[in-house]
Amino acid sequence: MEVLLKNSHFLLEGVINTLLLSISCLCIALIIGIGVGVLQMAKNRLVSSIARGYAELFRGLPIVITLFIVFFMLPEAGIYVNSYISAMIALSVWSSSNISVAVRGAIQSIPPTQFEAAHSLGLSSVQTMRYVILPQAFRRMLPSIIGLLSNLVQSTTLSVLIGNLDFLKSAQLVIERVEIMQGGSIAFQIYVLVLLVYFVICYPLSMWAKRLERSYR
């Protein structure tokens, strides 16, 4: 317990980094995912095919592969970013592909009469999507987005592989520091703490998503 208290600030910094990474990825993914999801419904087959290809490609790839592609390929292209930004880009791409599928499903669930009614009122296709369809679709895809946030928090642990200082990495550094300097073993206590923190963050999100899903049926 004394070791945990002494390192509490460092561990808390890791938790904050994990939450900031998760929230920033979700914000970016929402913007890209909604755009890609709408484009998947485009009448132009080339546009809809490209949008669907984006979603299927990054949903199909393991997240760790996407992480490595971003982390190692960007410097090859002359773009140098740190591990945090690399993780944010990779996780945003993965999240946006999943959100785009949720958006497409939510739009497809809107009755066609809604489109017809909006067009009969003189609204353009863009106005119909913005003012009529997306507000209704967002309510239907909200449980999926909240569930995705829980998965996103868990997936941030993979960013350790490219050196990002998230909560798991902070915990590993505390274990190494204590074992090297003091010779004791605190791995069990630290990993129990890691388990509890992730459970406290993710479980309420999962329950919230399930509750919303039941209420929207």
Side-chain angles (χ1 to χ4, degrees), residues 19-74 76-77 79 81 84-112 114-116 118-119 123-156 158-159 162 164 202 205-206 208-209 212-213 216:
L19 292 176
L20 286 176
L21 179 61
S22 303
I23 293 171
S24 58
C25 287
L26 184 67
C27 293
I28 296 169
L30 271 175
I31 296 170
I32 299 174
I34 290 173
V36 174
V38 170
L39 290 177
Q40 288 179 37
M41 302 298 296
K43 293 179 181 177
N44 186 308
R45 284 192 177 184
L46 178 61
V47 173
S48 63
S49 297
I50 292 173
R52 290 192 183 211
Y54 171 88
E56 295 304 322
L57 174 63
F58 290 107
R59 286 182 74 222
L61 278 179
I63 304 175
V64 67
I65 299 296
T66 308
L67 269 173
F68 285 150
I69 288 175
V70 172
F71 186 68
F72 290 110
M73 294 297 289
L74 286 183
E76 293 291 331
I79 302 171
V81 293
Y84 180 89
I85 299 297
S86 295
M88 188 169 66
I89 293 172
L91 291 171
S92 297
V93 168
W94 173 76
S95 305
S96 65
S97 64
N98 284 283
I99 288 177
S100 71
V101 174
V103 171
R104 186 184 70 197
I107 292 174
Q108 288 174 331
S109 70
I110 304 295
Q114 295 281 329
F115 292 87
E116 296 166 2
H119 287 310
L123 296 180
S124 66
S125 296
V126 174
Q127 290 172 326
T128 298
M129 190 61 70
R130 180 178 176 184
Y131 297 115
V132 180
I133 304 303
L134 281 181
Q136 298 180 69
F138 186 78
R139 178 183 169 91
R140 299 186 182 195
M141 66 184 179
L142 191 56
S144 300
I145 293 174
I146 295 171
L148 178 67
L149 180 57
S150 174
N151 290 334
L152 194 53
V153 172
Q154 297 168 25
S155 300
T156 57
L158 293 172
S159 66
I162 58 173
N164 181 47
C202 296
L205 289 173
S206 300
W208 186 21
L212 285 174
E213 194 171 359
Y216 290 162

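In this text, all values refer to a predicted model and were calculated from it rather than measured experimentally.
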*Asks:* Does any part of the side chain of Val101, heavy atoms only, come nearer than 4.5 Å to the side chain of Ser97, both counted from C-beta?
*Replies:*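 Ser97 does not reach Val101 side chain to side chain.
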*Asks:* Considering residues at least two apart in sequence or located in another chain, which fulfil the side-chain hydrogen bond (donor to acceptor under 3.5 Å, both in side chains) criterion with Gln114?
*Replies:*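 Gln136.
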*Asks:* Measure the CG-CG distance between Leu39 and Asn44 for me, rounded to the nearest 0.5 Å.
*Replies:*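 Here the interatomic distance stands at 10.0 Å.
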*Asks:* Who are the side chain to side chain contact (heavy atoms under 4.5 Å, CB included) partners of Leu123, not counting sequence neighbours?
*Replies:*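 If we apply the side chain to side chain contact (heavy atoms under 4.5 Å, CB included) test to Leu123, skipping adjacent residues, the hits are Ala118, Gln127, Thr128, Val132.
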*Asks:* Where do Gly33 and Val103 come nearest, in terms of heavy atoms and distance?
*Replies:*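 That closest heavy-atom pairing would be O-CG2, 4.1 Å.
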*Asks:* Side-chain polar contacts of residues 53-70 - donor-acceptor pairs under 3.5 angstrom, sequence neighbours left out - could you list them?
*Replies:*
unit_1: Tyr54; atom_1: OH; unit_2: Ser96; atom_2: OG; d: 2.7
unit_1: Arg59; atom_1: NE; unit_2: Asn98; atom_2: OD1; d: 3.4

*Asks:* Measure the CG-CG distance between Leu21 and Asn164 for me, rounded to the nearest 0.5 Å.
*Replies:*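 It comes to 6.0 Å.
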*Asks:* Working to the nearest 0.5 Å, report the span between CE of Met88 and OG of Ser24.
*Replies:*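 Reported to 0.5 Å precision, the distance equals 5.0 Å.
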*Asks:* Using 0.5 Å steps for rounding, measure from the CG atom of Leu91 to the OG atom of Ser155.
*Replies:*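 It comes to 6.5 Å.
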*Asks:* Determine which pairs satisfy side-chain hydrogen bond (donor to acceptor under 3.5 Å, both in side chains) with at least one residue from residues 84-94, sequence neighbours left out, and list them in order.
*Replies:*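 Passing the test, one end in residues 84-94: no pairs.
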*Asks:* Going by side chain to side chain contact (heavy atoms under 4.5 Å, CB included), name the residues that satisfy it together with Met41, two or more places apart in sequence or in a different chain.
*Replies:*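 Expected list: Arg104, Ile107, Gln108.
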*Asks:* Indicate yes or no: at least one non-hydrogen side-chain atom of Ser125 is less than 4.5 angstrom from one of His119.
*Replies:*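 Heavy-atom side-chain distance check passes, below 4.5 Å.
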*Asks:* Does any part of the side chain of Ile34, heavy atoms only, come nearer than 4.5 Å to the side chain of Met141, both counted from C-beta?
*Replies:*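 A side-chain contact under 4.5 Å exists here.
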*Asks:* Return the minimal non-hydrogen interatomic distance between Ser95 and Leu148, and the atom names on each side.
*Replies:*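 Nearest pair, atom of Ser95 first, then Leu148: O-CD2, 3.7 Å.
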*Asks:* Where do Leu205 and Ile146 come nearest, in terms of heavy atoms and distance?
*Replies:*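 Where Leu205 meets Ile146 most closely, the heavy atoms are O-CG2, 3.4 Å.
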*Asks:* In the structure I gave you, are the side-chain heavy atoms of Ile32 and Ile99 within less than 4.5 Å of one another anywhere?
*Replies:*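 SC-SC contact between Ile32 and Ile99 ruled out.
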*Asks:* First locate atom CG of Leu26, then atom CD1 of Ile145, and finally report the distance between them rounded to the nearest 0.5 Å.
*Replies:*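 If we round to the nearest 0.5 Å, Leu26:CG and Ile145:CD1 are 7.0 Å apart.
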*Asks:* If the condition is side chain to side chain contact (heavy atoms under 4.5 Å, CB included), which residues does Cys202 pass it with, not counting sequence neighbours?
*Replies:*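 Scan of Cys202 (side chain to side chain contact (heavy atoms under 4.5 Å, CB included), adjacent residues dropped) gives Ser150, Val153, Gln154.
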*Asks:* Compare every heavy atom of Tyr131 with every heavy atom of Pro135, then report the nearest pair and how far apart it is.
*Replies:*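 Heavy atoms of Pro135 and Tyr131 come nearest at CG-O, 3.7 Å.
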*Asks:* Got a second to check how far Thr156's OG1 is from Leu19's CG, nearest 0.5 Å?
*Replies:*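 CG of Leu19 is found 8.5 Å from OG1 of Thr156.
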*Asks:* I'd like to check Arg140 versus Ile110 (side-chain heavy atoms, cut-off strictly below 4.5 Å). Are they in contact?
*Replies:*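 The answer is yes, as the side chains (C-beta and beyond) meet within the 4.5 Å cut-off.
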*Asks:* Set out, in order, the CA-CA distance, both residues' side-chain angles and the distance that settles side-chain contact (heavy atoms from CB on, under 4.5 Å) for Leu152 and Ile23, then state yes or no.
*Replies:* CA-CA 9 Å; Leu152 194 53; Ile23 293 171; over 6 Å; no
